[in-house]
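One structure is given here, and the rest of the page talks about it.
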Amino acid sequence: MLCEEGRPVVSTAPSVQTAVDLYAKALRAPRSLFDLYPNPRPQAPPKKPLRSVPPAVVQSVTAAFEAFAEELVVINLVRSGATWAQIAKNANMTNPTLRDLCTTLKHSSGVDISAPKDEQGDAYSWKLWKQTSDTGWSLSDKMDWDGLLTSSEGWMQVRHCLAHGLTTGTEPAFWPGPVTGKSHANQSSVPTASSVLARSSGSRRALTLYPALNCATVYSHGGAHIAVQVAESLNEKVDYSGLTVFDDV
């Protein structure tokens with residue numbers, strides 16, 4: 001960009017750390033919601049006054065991620081020398097999933113978010129909660145990066161169902177099929193809300209404490225991984241410890 005005198009205008013932007021810190025701050029509220037549960041955590045569905053906590057967690061976490069995604073894209077584009085027109089075109093993200101953010105970063109600035117590796121060079125996996133019985137859960141499900149991307153899409157479908165009043169999330173229910181702009185013939189490729197929720201009676205699915213915790217883990221750890229790679233592309237380092245707040249629930 002040039003100013004009136006024809007001299008280049010140097011745009012500055014905060015570091016990637018700024019976006020991470022703001023995201024961590026936004027996650028404090030949904031993290032505190034889990035503290036309303038008795039300790040040790042109940043395996044069975046909670047008493048009625050607490051049944052609104054999991055839907056509130058999902059709504060809060062996905063909303064915080066949306067703000068983080070937009071902030072991260074803006075910072076990356078400004079620091080990469082993009083014009084304001086490019087920034088305006090790419091930074092307006094509505095209900096983004098982890099996959100949506102990766103796609104936007106790749107399309108807008110060429111940052112290709114790759115799957116992480118462990119110290120042995122193997123695919124890294126995250127631990128999530130797995131349903132072992134009607135009311136039992138264990139921290140035994142291992143999910144790789146592609147699994148995290150797909151899970152985030154399922155959780156965005158949960159958000160759509162809650163936000164549009166299709167379900168309340170407070171009782172086991174039949175969750176509608178994917179809310180998507182794709183034609184009916186192409187909807188089979190879209191993860192459904194039911195794919196990430198707890199099994200209940202019949203075809204009903206439930207949004208309880210552990211599924212909600214999985215949602216928080218997917219979006220917080222997924223966001224941290226993306227932030228690390230964006231920072232590396234800008235020759236920065238980032239401290240994402242503020243995004244691991246759900247690890248001790």
Side-chain angles (χ1 to χ4, degrees), residues 30-31 33-63 65 95-100 125-222 246 249:
R31 171 60 186 85
L33 289 174
F34 286 112
D35 292 334
L36 297 175
Y37 278 86
N39 209 339
R41 307 301 183 193
Q43 295 278 315
K47 294 181 179 179
K48 196 166 185 178
L50 292 178
R51 292 179 188 174
S52 60
V53 170
V57 167
V58 172
Q59 294 277 44
S60 298
V61 167
T62 52
F65 180 78
N95 299 331
T97 63
L98 294 177
R99 197 184 301 276
D100 291 333
S125 61
W126 288 265
K127 281 189 175 182
L128 297 177
W129 289 91
K130 181 179 181 179
Q131 189 173 11
T132 56
S133 64
D134 288 345
T135 60
W137 293 81
S138 68
L139 189 60
S140 59
D141 191 17
K142 292 185 177 180
M143 187 173 289
D144 62 13
W145 178 239
D146 190 62
L148 225 63
L149 295 176
T150 301
S151 181
S152 75
E153 294 177 305
W155 280 112
M156 192 52 64
Q157 291 299 321
V158 173
R159 179 188 183 181
H160 289 322
C161 290
L162 295 173
H164 289 277
L166 303 179
T167 59
T168 64
T170 58
E171 301 285 350
F174 296 106
W175 292 71
V179 179
T180 174
K182 292 185 176 183
S183 66
H184 182 74
N186 294 323
Q187 287 184 10
S188 60
S189 62
V190 181
T192 63
S194 296
S195 67
V196 293
L197 296 171
R199 300 186 304 274
S200 188
S201 58
S203 298
R204 290 180 173 83
R205 294 293 182 270
L207 174 53
T208 54
L209 182 150
Y210 290 100
L213 182 53
N214 280 346
C215 173
T217 301
V218 164
Y219 273 101
S220 57
H221 279 269
F246 299 101
V249 173

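The shown structure was predicted, so the numbers you read here are calculated from the model rather than taken from an experiment.
Using a 4.5 Å heavy-atom threshold, the side chains of Leu98 and Phe65 count as touching. By the 4.5 Å heavy-atom criterion applied to side chains, Arg31 and Val249 are counted as neighbours. Leu36 has its side chain out of reach of Pro49: every pair of non-hydrogen atoms, C-beta onward, lies at least 4.5 Å apart. Side-chain contact between Pro55 and Val158 is absent, with no heavy atoms from C-beta onward closer than 4.5 Å. Between Trp126 and Asp141 the shortest side-chain heavy-atom distance does not fall below 4.5 Å. Looking at heavy atoms from C-beta onward, Met143 lies in side-chain contact with Leu148 at the 4.5 angstrom threshold.
Residues Pro191 and Ser195 approach most closely at CB-OG, 4.2 Å, considering heavy atoms. Annotation for Tyr219 and Val61: closest pair CB-CG1, 3.7 Å, computed over non-hydrogen atoms. Scanning both residues, Trp155 and Val58, for their nearest heavy atoms gives CZ3-CG2, 3.8 Å. Taking all atoms of both residues into account, the shortest heavy-atom contact from Thr168 to Leu162 is O-CD2, 3.5 Å.
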Could you walk me through whether Arg99 and Asp146 pass side-chain contact (heavy atoms from CB on, under 4.5 Å), step by step? CA-CA 9 Å; Arg99 197 184 301 276; Asp146 190 62; 4.0 Å; yes

side-chain contact (heavy atoms from CB on, under 4.5 Å) assessment of Val57 paired with Phe34: CA-CA 8 Å; Val57 167; Phe34 286 112; 3.8 Å; yes

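Atom OG of residue Ser151 and atom CE of residue Met156 lie 11.0 Å apart, to the nearest 0.5 angstrom. The NE2 atom of His160 lies 9.0 Å from the OG1 atom of Thr62; values are rounded to the nearest 0.5 Å. In this structure, Glu153 CD and Asn95 CG are separated by 13.0 Å, a value rounded to the nearest 0.5 Å.
Panel note: side chain Ser152, backbone Leu149; a donor-acceptor pair is recorded below 3.5 Å.
Every pair passing side chain to side chain donor-acceptor pair (under 3.5 Å) that includes a residue from residues 47-56 is listed here, sequence neighbours excluded: Arg51-Glu171.
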Would you tabulate the side-chain donor-acceptor contacts of residues 197-216 under 3.5 Å, counting partners in other chains and residues two or more places apart, or write 'none'?
{"residue": "Tyr210", "atom": "OH", "partner": "Gln43", "partner atom": "NE2", "Å": "3.4"}
{"residue": "Asn214", "atom": "OD1", "partner": "Trp129", "partner atom": "N", "Å": "2.8"}
{"residue": "Asn214", "atom": "ND2", "partner": "Trp129", "partner atom": "O", "Å": "2.9"}

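Within 6.0 Å of the CG atom in Asp134, the count of heavy atoms belonging to other residues, nucleotides or ligands does not exceed 12.
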